[in-house]
Amino acid sequence: MGSAMNEDLIYEILSVVGEIPAGCVATYGQIARLIGRDKNARLVGKVLSMAEYYGKFPCHRVVNHCGRTAPGWAEQIDLLRREQVFPNENGRVDLKKYQWNHMA
DNA sequence: AATATGACCGAAA
DNA sequence: TTTTCGGCCATAT
């Protein structure tokens, strides 16, 4: 049987993650908003922490609202660099520059 | 049942 | 400008 968490919600989140184009990043809150749950950013993080279990998604393109990458996942930086997304010295992604604008 | 924690956010002070 | 604080949902203790 499935997990305790609502799987429809999980796939709703992961399908949005799958639409983030290479060379861009999205924030947890942005994804939450795109699925009509603007206050549920933490849930997005929770789902992404076990995303591998559900399939292959570009989770490395998700950062927090400060542009900070996920703790304990150093490889995320390398994956972003391969897509021409370069963090500053502080290890943060410049959201002004790289944040996915799905309206564009 | 109650409290604390987490890949978080945004408004208010 | 920065700092503080409440909110939201699922899990762990």
Side-chain angles (χ1 to χ4, degrees):
Chain A
M1 290 298 292
S3 73
M5 197 171 356
N6 183 334
E7 290 193 2
D8 291 335
L9 181 54
I10 291 172
Y11 286 114
E12 205 173 348
I13 290 170
L14 292 178
S15 73
V16 171
V17 172
E19 291 178 26
I20 306 170
C24 295
V25 298
T27 70
Y28 300 96
Q30 179 180 6
I31 292 167
R33 203 171 326 193
L34 286 173
I35 65 169
R37 287 168 167 264
D38 27 328
K39 298 292 195 301
N40 293 38
R42 300 181 99 138
L43 186 55
V44 174
K46 178 69 175 169
V47 168
L48 287 181
S49 73
M50 24 183 202
E52 274 190 86
Y53 177 82
Y54 293 93
K56 298 191 192 306
F57 300 90
C59 305
H60 61 283
R61 295 178 192 150
V62 183
V63 299
N64 72 11
H65 71 127
C66 299
R68 189 88 183 97
T69 54
W73 189 20
E75 193 187 359
Q76 182 178 12
I77 305 285
D78 299 327
L79 292 170
L80 287 173
R81 267 201 281 257
R82 280 176 215 167
E83 301 179 345
Q84 320 300 312
V85 175
F86 303 109
N88 353 348
E89 306 101 18
N90 301 356
R92 296 185 182 189
V93 173
D94 184 351
L95 292 178
K96 294 285 186 193
K97 206 171 183 180
Y98 299 107
Q99 183 167 25
W100 175 38
N101 178 3
H102 80 103
M103 291 307 182

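Values below: all heavy atoms of this structure, side chains included; hydrogens, waters and symmetry mates excluded. Letters go in sequence order (proteins before strands), and every chain restarts at 1.
Taking only side-chain atoms of A:Lys46, from C-beta outward, the nucleotide of C:dC9, C:dT11, B:dA7 with the closest atom is C:dT11. Listed candidates were B:dC9, B:dA7, C:dT11. Nearest to the side chain of A:Asn64 is B:dC9.
Atom CG of A:Leu9 is separated from atom CD1 of A:Ile35 by 5.0 Å, given to the nearest 0.5 angstrom. How far CG of A:Leu14 is from CD1 of A:Ile31: 9.0 Å, rounded to the nearest 0.5 Å.
Distance, A:Met50 CE to C:dA10 P: 10 Å, rounded to whole Å. Rounded to an integer number of Å, the gap from CD1 of A:Ile13 to C1' of B:dC8 is 12 Å. Rounded to whole angstrom, the span from the NZ atom of A:Lys39 across to the P atom of B:dC9 amounts to 13 Å. The distance from atom CZ of A:Arg92 to atom C1' of B:dA7 is 15 Å, rounded to the nearest whole Å. One atom, CD of A:Glu52, and another, P of B:dA7, lie 15 Å apart when rounded to the nearest Å. To the nearest angstrom, C1' of B:dG6 lies 17 Å from CH2 of A:Trp73. Counting to the nearest Å, the P atom of B:dG10 and the OH atom of A:Tyr28 are 14 Å from each other. In this structure, A:Arg37 places its CZ atom 18 Å from P of B:dC8, rounding to the nearest Å.
Nucleotides C:dG7 and B:dA7, compared at atom P, are 23 Å apart to the nearest Å.
Using a 4.0 Å heavy-atom cutoff across all strands shown, A:Leu48 reaches at least one base atom of the nucleic acid. A:Thr27 comes within 4.0 angstrom of the backbone, heavy atoms only, and of no base.
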For this session: Any chance you could lay out the side-chain contact (heavy atoms from CB on, under 4.5 Å) test for A:Trp100 and A:Leu34, step after step, and finish with the verdict?
Result: CA-CA 12 Å; A:Trp100 175 38; A:Leu34 286 173; 3.9 Å; yes
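Distances shorter than 4.0 Å separate some side-chain N or O of A:His65 from OP1 or OP2 on B:dC9.
The two residues A:Ala41 and A:Tyr28 make their nearest non-hydrogen contact at O-CB, 3.9 Å.
Put simply, the residue from A:Arg82, A:Glu75, A:Glu83, A:Gln76 that forms a side chain to side chain donor-acceptor pair (under 3.5 Å) with A:His60 is A:Glu83.
Below the 3.5 angstrom threshold, one finds a donor paired with an acceptor across the side chain of A:Arg42 and the base of C:dC8.
Where A:Val63 and A:Leu43 each meet DNA chain B at their nearest nucleotide, the meeting point lying more 5' is that of A:Leu43.
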